[in-house]
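To find a chain, count down the sequence lines: A is the first, B the second, and so on, and within it residues start at 1.
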There are 2 protein chains.
Amino acid sequence: MKLTREKVLAAALVLVEENGVQGLSMRKLAAAVGVEAMSLYNHVPNKDAVIDGIAELVIRRMALPEPTGDWKADLRQLANAFRAAATRYPHAAGLVLTRQLGSNASLAGTNAALSALRGAGFDAEEAVHALRAVLAFLVGTVLREVESGPAFDGADPVGVAQREAELLASPFPAVAESAPFLASCEHDREYEFGLDLLLAALEFRRTGSGPGRSS
Amino acid sequence: MKLTREKVLAAALVLVEENGVQGLSMRKLAAAVGVEAMSLYNHVPNKDAVIDGIAELVIRRMALPEPTGDWKADLRQLANAFRAAATRYPHAAGLVLTRQLGSNASLAGTNAALSALRGAGFDAEEAVHALRAVLAFLVGTVLREVESGPAFDGADPVGVAQREAELLASPFPAVAESAPFLASCEHDREYEFGLDLLLAALEFRRTGSGPGRSS
DNA sequence: TCCCTTGGACTTACACCGTAAGTATCCCGG
DNA sequence: CCGGGATACTTACGGTGTAAGTCCAAGGGA
C-alpha cells in the first residue's frame, strides 16, 4: 500500500489523540504507518509540517452548516461547528487554536460567517471586525475547555469541592464570594453565555436597539 | 552566589524570549545560570515545571490598576493590564494563555475583576460568567496577536498586498469583498472593538437598556 | 575541637529525538 | 528490455530530558 501525505497526517492525528502532542515522534509515526522513520520525509518536509498538517486536517473535517437566512442562527451554528470540530480531538485542538490557520483550509468557514454578517447589514469592514471578535472569544473558550483538567467540568466533585475550599480561604473577598461558581466550569453554559453576549451586542450595534432580555 | 528557583525561572524567561520556547533546554538554561544541567533539578522537579513557572512569572509581573469605581473603566484597565503583561513577552505569552493559570498567581486579578462586576450590580454567579466571557475573548485576541507573523500587523505592506491578492482571487465572494480588511489586522483596533462589544452587552444586560451608539 | 549530617553541584549514563547523507529496490514509460 | 525516477531503508550525528551515583563544603551537636 503506497504511503501518502494524507495517510501520514491521518495517522499522526490518531497518534496525537492517543498520546498527546508531546508523545508524537517521527519514529512512532513511521511505525504507525508501517515504515521506517526516514521514509516519512518523502511525503513531509519535517515534523513541524506534520503538526501544521494535523491542525489543517482537523479544521478540514469541520462540517459547515446550511445557511438559514437568520444571521444570528447562522453565526451560532458556525460557532457550534467550529467548537465541535475542535473538541472532537481534544489533544489536537490546541494546535488548531494556537497557530493561525493556513489560509485556504478555513476560508470556507470564513466566507460563511462573513456572508451571514453581510446579510445582517454589516459592511465589508465591520463584518471582519465582528468575525474576529467572535472568533477570538471562540478560541479562548475552546482553549479553556480542552486544556482544563477534569477537576473543572464538574465530573470530579471532590476536586471541585477542594478547589472551592481553597478559594473560600483566599484573602480576596470577591473571589471568596464567588467561590462556588469559580470552583467549577460548565463549558457549555460559559460558551452559550459569552456567545449570547456577543450576538446581542452585534444585533444592538446593527439596529441601534436591543433585543428583549436574553433568555 | 546561591541558585534559587526564582533565578532559574527568571533566566528561563529571558532565554525563551531570546530563542523561543522550542529553544529552551535544560542544558542551555543551566549554562545561562552558570551551572551544570543536573543541578537545576535541585530547584525544579522537571522541565514542565520550568515552563509552568515561566507562565506564572509573567502574570506575576502584571501591574494591577487602581480601581476607580467606574466598573467599565476598571474592567477595561484590567484587560489592558493583562494584554500588556502578555504582549511584553511575546514568546512566553503562548504559555500563559495556553495553560490555565495555577490558581494563586492570578487570584488578585480575578478578584479585581469580580469586584468591579459586583459593584456594577451583577450577582456572584453572573460576575463569574461575565469574567469568563471577557477572559476568553482576551485570550483569543492576545493569542492571535502574539502568534500572527509580521505579515499581518501592517508592518509588512508587501506581505499584506500579496495576501489581499490571494483573497481576492479566492472562490468565496464574501471573502473577496472583505479582502482588504482580512489581509491585515490592526491588533489594537480589533481588541478595542471586541472589548467594546462585550462591555456594551454587559451594560445592557445589567440595566436592560443600551448605551448610546458606541464611541 | 572534631565529626558527621546534609544539601547542593558535578559526572556519568541511557534511551530517545529530529534529520542529513548515502544506498538499495521497485515500477513504469520509452 | 532497459534506464531513470520515486520510494523505502540504513547508518550516523548531535542534541534532549533525566535517573543514579559521587563529591565536597558548610553548619550544628558532642
Nearest to side-chain heavy atoms of [X], which nucleotide of [options]:
| X | options | answer |
| --- | --- | --- |
| N42(A) | dT10(D), dA8(D), dG17(D) | dA8(D) |
| M26(A) | dC10(C), dA8(D), dT19(C) | dT19(C) |
| E36(A) | dC17(C), dG17(D), dC9(D) | dC9(D) |

A37(A) vs N46(B), nearer the 5' end of DNA chain D by closest nucleotide:
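It is A37(A) whose nearest nucleotide is closer to the 5' end.
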Assign each of M38(B) and M38(A) the nucleotide of DNA chain D bearing its closest heavy atom; nearer the 5' end lies the nucleotide of M38(A)
May I ask you to test the N19(B)-L15(B) pair for a side-chain heavy-atom distance under 4.5 Å?
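SC-SC contact between N19(B) and L15(B) confirmed.
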Measure from [atom1] on [X] to [atom2] on [N] and round the result to the nearest Å.
| X | N | atom1 | atom2 | result |
| --- | --- | --- | --- | --- |
| L40(B) | dT11(C) | CG | P | 14 Å |
| K47(B) | dT16(D) | NZ | C1' | 8 Å |
| K7(B) | dG8(C) | NZ | C1' | 13 Å |
| D48(B) | dG17(D) | CG | P | 11 Å |
| Q22(B) | dG15(D) | CD | C1' | 13 Å |
| L3(B) | dC10(C) | CG | C1' | 14 Å |
| Y41(A) | dT11(D) | OH | P | 18 Å |

Distance below 4.0 Å between H43(A) side-chain N/O and dA6(D) OP1 or OP2
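For dA6(D), OP1/OP2 do not have a side-chain N/O of H43(A) under 4.0 Å.
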Please determine if a side-chain N or O atom of S39(A) lies less than 4.0 Å away from the OP1 or OP2 oxygen of dC9(D).
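Answer is yes, contact under 4.0 Å.
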Is it true that [X] and [Y] make a salt bridge, defined as a side-chain N closer than 4.0 Å to a carboxylate O?
| X | Y | answer |
| --- | --- | --- |
| E125(B) | R189(A) | yes |
| K72(A) | D196(A) | no |
| R118(B) | E177(A) | yes |
| E56(A) | R5(A) | yes |

Is any N or O donor-acceptor pair between the side chain of R27(B) and the base of dG15(D) shorter than 3.5 Å?
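No, no donor-acceptor pair under 3.5 Å.
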